[in-house]
Amino acid sequence: MAGKDTLEEEVLALRRDKLASEKKYSQLQEKVSKLSQELNEERELNRCLSDNQKSWKDRVTGLESRLEDVVKQKDSEIQDLREQVRDLMFYLETQKKIEDSPDGAKQVCLCGGGSYVCVEVVGFHRKFKKGSSLSPSHHNRKPRLLVEKRNSK
């Protein structure tokens with residue numbers, strides 16, 4: 001009977017081990033289930049953040065492009081205004097030279113239905129037009145006849 005008692009004890013020990021193993025298996029299953037759920041939540045969060053990041057990148061790219069266009073436009077306007085100021089300064093200096101000249105060096109011509117002011121300018125030959133520029137090659141030339149069209153009112 002000693003062998004029977006030993007076998008019963010061994011069976012009881014195996015049943016306890018089995019219950020402990022099943023309990024441990026159940027706990028591990030719960031952990032796996034919980035971690036799977038957390039992983040799915042993290043994946044969803046990552047997807048949302050990636051979509052949001054892409055949206056912001058697209059928005060920033062669009063704004064950078066728009067800013068670049070605005071900067072180019074403003075630079076062009078600034079350059080145009082600088083040229084206009086340079087032309088205006090040249091015009092004012094020329095008018096002052098004409099006024100200061102002893103003989104007035106000014107006459108009004110009527111040509112082709114328009115009114116023109118013809119003046120002799122020392123060292124320059126220039127037509128005043130919006131957006132025109134004065135190149136260095138115009139400096140230190142022989143006096144030329146300057147013609148400017150007057151606005152008719």
Sub-3.5 Å donor-acceptor pair from the side chain of Thr61 to the main-chain atoms of Lys57, do we have one?
-> yes

Quick one: pull up CG in Asp75 and CZ in Arg82 and give me the separation to the nearest 0.5 Å.
-> 8.5 Å

Side chain to side chain contact (heavy atoms under 4.5 Å, CB included) between Leu19 and Lys23, intermediate numbers included = CA-CA 6 Å; Leu19 287 174; Lys23 183 177 179 182; over 6 Å; no

Pick out which of Asp100, Ile98, Leu92 makes a side chain to side chain contact (heavy atoms under 4.5 Å, CB included) with Lys96.
-> Asp100

Interatomic spacing from CG in Leu39 to NZ in Lys34 - rounded to 0.5 Å | 14.0 Å

Rounded to the nearest 0.5 Å, what separation is found between the OG atom of Ser76 and the CD atom of Gln73?
-> 8.0 Å

Do Gln84 and Asp80 have a side chain donor and acceptor closer than 3.5 Å?
-> yes

Distance in Å, Glu38 CD paired with Leu45 CG, rounded so as to fall on 0.5 Å steps | 12.5 Å

Phe90 backbone acceptor or donor facing Thr94 side chain under 3.5 Å = yes

Just how far is it from atom CD of Glu93 to atom CG of Leu88, taken to the nearest 0.5 Å?
-> 10.0 Å

Exam field: side chain Ser50 to backbone Asn46, donor-acceptor pair closer than 3.5 Å | yes

Indicate yes or no: at least one non-hydrogen side-chain atom of Leu12 is less than 4.5 angstrom from one of Glu9.
-> no

Between CG on residue Leu67 and NZ on residue Lys74, distance to nearest 0.5 Å | 12.0 Å

Is Ser26 reaching over with its side chain to a backbone N or O of Glu22, donor-acceptor style, under 3.5 angstrom?
-> no

Criterion side chain to side chain contact (heavy atoms under 4.5 Å, CB included) on Lys54 and Asp58, from CA distance to verdict = CA-CA 6 Å; Lys54 183 183 181 304; Asp58 292 345; 3.2 Å; yes

